[in-house]
2 protein chains.
Amino acid sequence: MKWVFDMGSSTKQDILNAAELLFAEHGFGDTSLRAITTKAEVNLAAVNYHFGSKKQLIQEVLKRYLDVMMPEVDKQVAAMLAKNPQPGMPQVFGTLITPLLLLNKVRPAGTSIFVRLLGRGYSETQGHLRKYIMFHWGEVLKRFVDAVHLAAPDLPPSELFWRLHFAIGTFVFTMASSKALCEISAADYDQPVDVAGIINRLIPYISAGTAAPVAASVTTITSTPTLDIA
Amino acid sequence: MKWVFDMGSSTKQDILNAAELLFAEHGFGDTSLRAITTKAEVNLAAVNYHFGSKKQLIQEVLKRYLDVMMPEVDKQVAAMLAKNPQPGMPQVFGTLITPLLLLNKVRPAGTSIFVRLLGRGYSETQGHLRKYIMFHWGEVLKRFVDAVHLAAPDLPPSELFWRLHFAIGTFVFTMASSKALCEISAADYDQPVDVAGIINRLIPYISAGTAAPVAASVTTITSTPTLDIA
DNA sequence: ACCCATTTCATACATACGTTTGAATTTATA
DNA sequence: TATAAATTCAAACGTATGTATGAAATGGGT
């Protein structure tokens with residue numbers, strides 16, 4: 001029977017919910033289907049029955065979040081540009097805050113889970129995730145990049161390319177290790193920090209980095225490097 | 001027989017040389033001992049004979065570079081501070097350039113290999129690498145962090161903590177994907193960029209990001225009210 | 001030439017993985 | 001209730017992995 005409001009089998013949701021937690025915690029490669037099905041309390045074969053393969057399960061885990069976040073990014077960028085046609089870098093990157101925090105409505109702690117998944121995906125899937133996002137959300141991303149360019153009109157396109165990938169790196173890596181960082185911060189500085197706190201601290205860093213003036217000249221090696229192997 | 005200059009068996013070096021390439025390319029978890037021994041043209045059992053286990057092999061691969069790089073970092077930081085007791089952020093991060101490029105003398109393309117290993121290690125070893133480096137090179141790192149603090153005296157320690165981890169993230173992630181980024185850059189912008197080029201582009205970004213003014217909203221949220229008046 | 005420690009080698013072991021299978025069970029519809 | 005589709009389940013399959021073993025080979029020291 002097909003429900004009018006098809007919420008899918010509970011099994012399928014249980015698998016997704018268990019999988020995303022384990023994926024975020026241990027990465028895709030180091031999370032076995034057996035660990036997932038055990039945590040979800042479903043049969044091992046259910047994954048291949050409902051998703052076909054582990055690879056497709058990973059895709060659907062990420063898709064659940066991207067489908068919510070990316071349209072919101074588009075909306076926020078448009079709204080920001082309507083209000084301020086010549087935005088500063090913090091305004092541009094600030095458009096990401098709402099979409100990211102919106103993910104907490106997809107699942108409890110959804111923002112934290114998604115950004116960690118993103119970090120894992122970028123470093124583990126050897127470019128597959130990058131291509132997937134580019135293919136499905138390339139238009140949205142292009143409009144975002146255009147906004148970045150608007151905030152740094154003097155930056156050559158090739159330099160902007162590198163800056164944006166630096167920004168992605170900062171964001172993705174920080175988020176991938178966000179759990180550990182929050183624990184260290186809480187222990188060493190006695191100040192609990194949540195994902196929203198990290199995002200708010202990231203914006204100034206990324207904004208300043210991306211908008212930094214281009215280095216006047218290539219740094220040269222001043223002292224002669226020495227290598228003495230006993 | 002023990003050589004006066006013990007260069008170890010050729011087998012051991014062959015394994016290290018093959019392993020670091022495969023580790024950098026596919027990561028630690030996705031590189032099998034069989035792939036390594038095949039590439040090195042040695043017997044499978046040689047890894048466990050010479051290194052004990054895969055984990056120890058990974059450690060020795062990284063150690064070979066850390067043992068060269070970290071003392072040079074110490075030297076460069078000291079030299080920089082001697083020349084300029086109140087350094088700017090680019091000067092501080094600039095001290096990393098020489099140590100990084102020095103790794104090209106350890107092995108051909110050593111810099112590129114090491115930074116990719118570092119990226120892999122940070123995201124795959126669930127904090128083990130971080131702890132290893134902290135344990136063995138904590139003193140050197142502390143002196144470097146002190147220099148960063150010198151370049152941003154107004155930054156609260158807790159904020160500096162986050163900024164530095166952002167910087168690590170920028171660096172490590174960029175380097176982990178440096179191969180792909182170089183290929184994209186060469187294809188889209190017709191300008192070949194090598195690892196030294198990336199490092200030189202990273203310095204301004206990381207410097208500006210780390211030294212960025214603290215966001216107003218963050219300050220109000222996280223600053224602890226105190227009765228002390230300094 | 002002999003010896004002994006070091007190193008190599010083929011092979012086996014135990015385990016873990018993603019996936020498949022076919023029967024049992026549940027569920028929806030007629 | 002009868003029937004057919006959808007789902008669950010235990011079990012197995014084939015493959016790959018890291019590691020262990022014990023015999024063969026190597027090579028310098030006496």
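Letters A, B, ... mirror the listed sequences (proteins, then strands); counts begin at 1.
Atom C1' of nucleotide dG18(D) and atom CD of Gln56(B) are separated by 13 Å, given to the nearest angstrom. Rounded to whole Å, the distance from CG on Leu33(B) to P on dT11(C) is 19 Å. Look at CG on Asn48(A): it is 15 Å from C1' on dA10(D), rounded to the nearest Å. Rounding to whole angstrom units, CG of residue Leu44(A) and C1' of dT8(D) are separated by 12 Å. Put simply, CG on Asp14(B) is 16 Å from C1' on dC9(C), counting in whole angstrom units. Rounded to an integer number of Å, the gap from CD1 of Ile58(A) to C1' of dG18(C) is 12 Å. Atom pair Phe51(A):CZ and dG18(C):P shows a separation of 15 Å (rounding to whole Å applied). Distance Lys12(B) NZ to dT6(C) P: 13 Å, rounded to the nearest Å.
Distance from the side chain of Asn43(A) is smallest for dC9(D) among the nucleotides dC9(D), dT8(C), dT19(C). Each of dT7(D), dC9(D), dT8(C) was ranked by its minimum atom distance to the side chain of His50(A); first place goes to dT7(D). When each of dT7(D), dC9(C), dC17(C) is scored by its nearest atom to the side-chain atoms of Arg34(A), the top-ranked nucleotide is dC17(C). The Tyr49(B) side chain lies nearest to dT7(C) when the options are dT7(C), dA10(D), dA6(D). If you check dT19(C), dT8(C), dA6(D) against the side chain of Lys54(A), the one that comes closest is dT19(C).
Using a 4.0 Å cut-off between a side-chain N of Lys or Arg and a carboxylate O of Asp or Glu, Lys142(A) and Glu139(A) do not qualify as a salt bridge.
Taking the nucleotide of DNA chain C with the nearest heavy atom to each of Asp30(A) and Gly52(A), the more 5' of the two is matched to Asp30(A).
Thr31(A) comes within contact range of the sugar-phosphate backbone alone, with a heavy-atom separation under 4.0 Å but no base atom that close. Ala45(A) comes within 4.0 angstrom of a base, heavy atoms only.
In this structure, the side chain of Gln191(A) does not engage the main chain of Ala186(A) through any donor-acceptor pair within 3.5 Å.
Residue Thr11(B) has no polar side-chain atom (N or O) positioned under 4.0 Å from OP1 or OP2 of dT7(C). For dG18(C), the OP1/OP2 oxygens have no side-chain nitrogen or oxygen of Ser53(A) closer than 4.0 Å. Contact annotation: Ser32(A) side-chain N/O to dC17(C) OP1/OP2 distance is under 4.0 Å.
A distance below 6.0 Å separates the ring centres of His136(B) and Tyr132(B).
A donor-acceptor pair shorter than 3.5 Å cannot be found between the side chains of Gln56(B) and Glu60(B).
From Glu20(B), atom CD reaches atom CD1 of Ile15(B) across 13.0 Å, with rounding to the nearest 0.5 Å.
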